[in-house]
Amino acid sequence: MATGGEPQRKPQLQGRIDFLDTVNAAILLPKDDGIISIANDRTLKVWLMRDSGKYWPSVCEKLAANATCLHLDSETLKLLVGLDNGVIIEYTAETDFNRLSQNREYPAHSSSVTDLRLSVSNDWVLSVARDMFFQWHCGQTGQRLGGYKGAAAYLCMAFDAASDHAFLGDYAGVITMVKVEQNSCNIVTTLTGHSGSVRSLEWVPDGGTLYSAGFDQLILVWDIGGGKGVFYELTGHSQKVNSVVYLHRRRLLFSSGDDGILMGWDMSTKRSPAPAWNESKTCEICEVPFFWNVKDMYQKKLVGVRQHHCRKCGRAVCDKCSSTCSALPLLGFECSVRVCDLCGPDITEVDRRPLAVQHNMLHGVKQMDYNPDTEVLLTVGADRCVKIWRIS
């Protein structure tokens with residue numbers, strides 16, 4: 001995929017796997033041409049590409065409950081599977097992925113496990129769940145080492161292996177950053193910016209950037225490495241965003257969700273946070289009172305109007321004084337947004353130049369995975385289908 005003035009190269013569909021039941025998650029194998037999937041029929045399957053060019057299951061495990069999330073460590077080939085009943089199962093895969101050996105079970109949570117990570121250096125199994133707990137267990141003994149209860153159900157997490165910091169995204173739209181020790185954790189900060197649940201987190205150690213996707217159709221870019229925790233928005237989706245993945249070599253961010261659109265954001269270009277919205281009782285251009293300003297409405301003998309805001313300058317304006325719409329990619333707005341009549345004439349074609357490209361995945365996307373070695377993207381759809389795409 002390309003951005004700006006370069007040709008737009010679309011992902012090429014390499015294969016698809018259709019399921020009889022809802023697919024909850026899937027991940028790509030690190031080297032082989034295959035995937036691991038979990039579905040609502042309580043199965044864990046490893047699919048490998050055969051000579052016929054189709055994917056066939058080489059392993060099928062029947063689980064005690066529906067699996068809800070997966071994590072595979074490419075170094076140790078340890079596979080973590082979170083279940084709907086709160087249990088985590090640990091497997092070790094053979095190098096050819098024709099066999100999975102179960103190591104142990106962790107009775108970690110009291111409700112559905114929503115995300116998992118493995119810290120190889122510490123030998124920790126880290127998890128979050130809908131019971132509002134973040135917990136970590138010893139990979140050697142299986143014993144619980146510590147935990148933290150939040151204020152809302154956790155839906156996703158990210159982990160920085162270099163510093164042992166975890167980022168926990170919850171149903172209330174809050175991201176909690178914690179420093180994990182062997183038997184305790186310390187709250188570093190909380191990040192608030194989403195108005196709906198946080199659906200996906202992606203941590204990029206180079207530069208210390210955290211990407212979060214939410215129910216509010218936004219992707220937020222957090223500057224954690226700078227120590228300020230500031231963020232700016234990326235807007236382009238029309239429905240909730242369920243997954244984000246970062247392509248390090250290409251400096252691209254992929255996002256997708258219920259609208260079935262894959263957005264490829266060029267992160268090599270510096271963007272700026274959108275201006276804060278001004279507070280005013282009257283339009284800041286024509287001074288017509290807004291409909292809640294009863295005093296001015298009475299004094300001026302005018303009917304109050306609805307308040308809007310210019311996305312470029314933040315002015316509070318009426319509909320008549322904000323008749324222009326424009327994309328503002330340098331502020332994160334890839335789609336046309338409202339701008340006031342003072343800013344509109346100053347917006348040039350250079351200002352409108354897109355910094356993202358779109359591709360219709362032809363199904364609502366629940367989750368994505370990306371393999372940087374093979375440059376293959378996987379999408380799990382709400383249509384009981386997993387698609388494998390070649391990125392070139």
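Note that this is a predicted model, so its numbers are computed, not measured.
Note: Trp277 and His309 have parallel aromatic rings, judged against thresholds of 30 and 60 degrees for the angle between ring planes. Ring geometry, Phe19 versus Trp47: the interplanar angle exceeds 60°, so the pair is classed perpendicular (tilted spans 30 to 60°).
Applying the 6.0 Å contact sphere to OH of Tyr171 captures no more than 12 heavy atoms from other residues, nucleotides or ligands.
Ring centers of Phe167 and Trp203: under 6.0 Å apart, within the cut-off. Taking the six-membered ring for Trp and the full ring otherwise, the centers of Phe133 and His109 sit at least 6.0 Å from each other.
Asp259 places no side-chain N or O within donor-acceptor distance of the main-chain N or O of His237, the cut-off being under 3.5 Å. Between the side chain of Glu284 and the backbone N or O of Ala316 there is at least one donor-acceptor pair closer than 3.5 Å. Remark: the backbone N or O of Val128 is paired with a side-chain donor or acceptor of Thr114 at under 3.5 angstrom. A side-chain donor-acceptor contact under 3.5 Å links Asp351 to the backbone of Thr348. The main-chain N or O of Leu28 is found under 3.5 Å from a side-chain atom of Asp369 such that the two form a donor-acceptor pair. At least one donor-acceptor pair closer than 3.5 Å links the side chain of Arg42 to the backbone N or O of Ala64. Side chain of Asp115 to main chain of Met157: a donor-acceptor pair is present (N/O by atom type, distance under 3.5 Å, no hydrogens or angles). Without hydrogens or angle criteria, Arg384 side chain to Asp18 main chain gives no donor-acceptor distance under 3.5 Å. Within the 3.5 Å criterion, the main-chain N or O of Val113 finds no donor-acceptor partner in the side chain of Asp84. When atom types are taken as modelled, the side chain of Ser111 and the backbone of Asp131 share a donor-acceptor pair closer than 3.5 angstrom.
Side chains of Lys78 and Glu90 form a contact here, defined as non-hydrogen atoms less than 4.5 Å apart. In this structure, the side chains of Val376 and Leu378 stay at 4.5 Å or more apart for every pair of heavy atoms. The shortest distance between side-chain heavy atoms of His359 and Trp389 falls below 4.5 Å. Here the side chains of Ser119 and Phe159 are in contact, with some heavy-atom distance below 4.5 Å. When side chains are defined from C-beta on, Tyr91 does not count as touching Arg99, because their heavy atoms never get closer than 4.5 Å. Within the 4.5 Å cutoff, the side chain of Trp222 has heavy atoms near those of the Ile175 side chain. For the pair Thr176 and Val178, the minimum side-chain heavy-atom distance is below 4.5 Å. Contact of the Ile219 side chain with the Leu253 side chain is registered, since non-hydrogen atoms from C-beta on lie closer than 4.5 Å.
Classification of Lys240 and Asp258 as a salt-bridged pair holds, one side-chain N sitting under 4.0 Å from a carboxylate O.
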Legend entry - Full working for salt bridge (Lys or Arg N to Asp or Glu O under 4.0 Å) between Glu375 and Arg250: CA-CA 10 Å; Glu375 295 200 314; Arg250 296 175 178 269; 3.2 Å; yes
Inset, instruction - Would you sort out whether Arg117 and Val125 count as a side-chain contact (heavy atoms from CB on, under 4.5 Å), showing the intermediate values? - result: CA-CA 6 Å; Arg117 291 295 183 274; Val125 174; over 6 Å; no
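In this structure, Lys320 and Asp341 approach most closely via the heavy-atom pair O-OD2, 3.3 Å. What you find for His363 and Gly381 is that their closest heavy atoms are ND1-CA, 3.4 Å. Counting all heavy atoms, side chain and backbone alike, Lys312 lies closest to Pro275 at O-CG, 3.2 Å. Pairing each heavy atom of Trp136 with each of Ser184, the nearest pair is CZ2-O, 3.4 Å. Contact between Cys185 and Tyr148 at its shortest, heavy atoms only, is SG-CB, 3.7 Å. When all heavy atoms of Val204 and His248 are compared, the closest pair comes out as CG1-CE1, 3.8 Å.
At a cut-off of 3.5 Å, with distance as the only test, no side-chain donor of Asn278 or Ser280 sits close to an acceptor on the other residue. Side-chain contact check for Tyr55 and Asp33: at least one donor-acceptor pair (N or O, by modelled atom type) lies under 3.5 Å. In the model, Gln182 has a side-chain atom that pairs as donor or acceptor with a side-chain atom of Trp124 under 3.5 Å.
Geometrically, Lys301 engages Tyr298 in a cation-pi contact defined by less than 6.0 Å to the ring centre and at most 45° from the axis.
Remark: Glu279 CD to Lys281 NZ distance equals 11.0 Å, nearest 0.5 Å.
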